[in-house]
Amino acid sequence: MERKWRVAIVGATGMVGQRFISLLSEHAWFDIAVLAASQRSAGKTYAQAVQGRWAFDWPIPDRIKDMIVVDASDVRAVTQSVDFVFCAVDMKKDEIRALEDAYAKTETPVVSNNSAHRGTPDVPMIIPELNPEHADVIEYQRKRLGTKVGFVTVKPNCSIQSYVPALTALRDMNPTRVVVSTYQAISGAGKTFARWPEMVDNVIPYIGGEEEKSEKEPLKIWGRVEGGVIVPAKAPIVSAHCIRVAVADGHLATCWASFEKPASKDEIIARWRAFEGLPQKLNLPSAPHPFIQYCDEDNRPQTRLDRDFERGMGISMGRLRGDSLFDWRFVGLSHNTLRGAAGGAVLIAELLCAQGYIPKK
């Protein structure tokens, strides 16, 4: 049997890192070979490093709990025995960019959950069903880095996944204006209610940097590769409001949109339900089937009931109706630590492995 791709999880002790471990411990293609975190965790077993901080109801996988955590800053220790790296560290952005570039320069591709490189013009920011062609920019990034294999790719902001797929399915209707409000779970801040008791029975109407990301990142997703960089789309104009709510997992969005071309409600719902991308056509291990569901009930999607649709990798839509100021309004929901974080990154890696961008060393 051909061996699996060997992977490192950098930032393995954080909530997203823990999700990576849960998703990859029995993955069909990937094998966890290295766990890395900050210096304070280095040298400990994984169980020791996350003692009192394991975020899930299920136990740490047996073969993971006794693995020794290495220092994420030790580039050679992280990369020497793996084919690629998943990165989900909690550091300053300039430090993250430097670290991810250093990994890439060892000829080790990096699939990042971090936001630091999302604005870098030759770094693809991919939702695999929406813009897989942005991987074309990797060859130009490799020239900049001086590598043959190594590169960095990033996953976009977790909250935009609850509505950007729905708008992408309607792109040929030429959306012109979008207003969105996102109601974001506390796990998006890497927290649980036990560790963030002030969020119980509370709403915080501010998430630092989130609104700027929500307004800019969709335009890069909808952009095009030109001259060795990704040129963001100029439309639609997106205005976002991002709110932290007392929910464990799941980001819900209310969205208003206007279009140049008309369509009926039935046509829009049919487009959503039929929409699929390359992951579905390739039948990648983490690909949801279907990608988007539409809930006919007036009170759906609900975060607790629908966030785990298609193992947390699907998108749930509902409440499509006309609007007095915009053409349409609707509700979207995605699982923020699965589709929006670790699961989305795993799907990116599956796509890039299937396309030959990530070879085995």
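One is the number of the first residue; the rest follow in order along the sequence.
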Option from Arg63, Lys4, Arg6, Arg3 for which salt bridge (Lys or Arg N to Asp or Glu O under 4.0 Å) with Asp31 holds: Arg63
Under 3.5 Å side-chain donor-acceptor pair for Glu210 and Asn157: yes
Arg300 versus Cys295, closest heavy-atom pair with distance: CB-CB, 3.6 Å
Test: Glu2 and Lys360 ion pair at under 4.0 Å: yes
Side-chain (Lys265) to main-chain (Leu320) donor-acceptor, under 3.5 angstrom: yes
From OG1 (Thr108) to CZ (Phe84), nearest 0.5 Å: 11.0 Å
Distance-only donor-acceptor check, side chains Asp66 and Thr45, under 3.5 Å: no
Test item: Val110 and Phe86 side chains (from C-beta on) under 4.5 Å apart, heavy atoms: no
Those residues that, when tested against Phe330, pass ring pair (Phe, Tyr, Trp, His ring centres under 6.0 Å) (two or more places apart): Trp272
Which pairs of donor and acceptor atoms, one on a side chain in residues 160-170, lie under 3.5 Å apart (sequence neighbours left out)?
from   : atom 1 : to     : atom 2 : distance (Å)
Ser162 : OG     : Ser159 : O      : 2.7
Thr168 : OG1    : Val164 : O      : 2.7
Thr168 : OG1    : Trp222 : NE1    : 2.8

Lys/Arg-Asp/Glu bridge criterion (N-O < 4.0 Å) met for Asp296, Arg273: yes
Interatomic spacing from CG in Leu99 to NZ in Lys92 - rounded to 0.5 Å: 15.0 Å
Check: Ser214 side chain, Ala240 main-chain N or O, donor-acceptor pair, under 3.5 Å: no
Glu107/Lys148 ion pair, N-O < 4.0 Å: no
Under 3.5 Å donor-acceptor, Gln302 side chain and Asn299 backbone: yes
Nearest-0.5 Å distance, CZ of residue Arg53 to OG1 of residue Thr192: 11.0 Å
Test item: Arg177 side-chain N/O and Ile237 main-chain N/O as donor-acceptor pair under 3.5 Å: no
Salt bridge flag under 4.0 Å for residues Arg144 and Asp122: yes
Expected output: side-chain Gln141 to main-chain Val152 donor-acceptor under 3.5 Å: yes
Which atom of Asn113 lies closest to which atom of Ala342, heavy atoms considered: OD1-N, 4.1 Å
Between Glu260 and Asn174: side-chain donor-acceptor atoms closer than 3.5 Å: yes
Side-chain donor or acceptor of His251 paired with backbone N/O of Ala185 under 3.5 Å: yes
Pair Phe326 + Trp328: ring centers closer than 6.0 Å: no
Whether Tyr357 and Phe151 hold their rings parallel, tilted or perpendicular, with breakpoints at 30° and 60°: perpendicular
Closest approach of Pro124 to Ile230 (non-hydrogen atoms, all atoms of both residues): CA-CD1, 3.7 Å
Arg311 and Asp308 ion-paired at < 4.0 Å: no
Arg19 versus Thr337, side-chain donor and acceptor atoms under 3.5 Å: yes
May I have the list of side-chain donor-acceptor pairs in residues 343-351 shorter than 3.5 Å, sequence neighbours left out?
from   : atom 1 : to     : atom 2 : distance (Å)
Glu350 : OE1    : Ser286 : N      : 3.0
Glu350 : OE2    : His27  : NE2    : 2.6
Glu350 : OE2    : Ser286 : N      : 3.4
Glu350 : OE2    : Ser286 : OG     : 2.6

Sidechain-backbone polar pair: Arg329 side chain, Gly322 backbone, donor-acceptor under 3.5 Å: yes
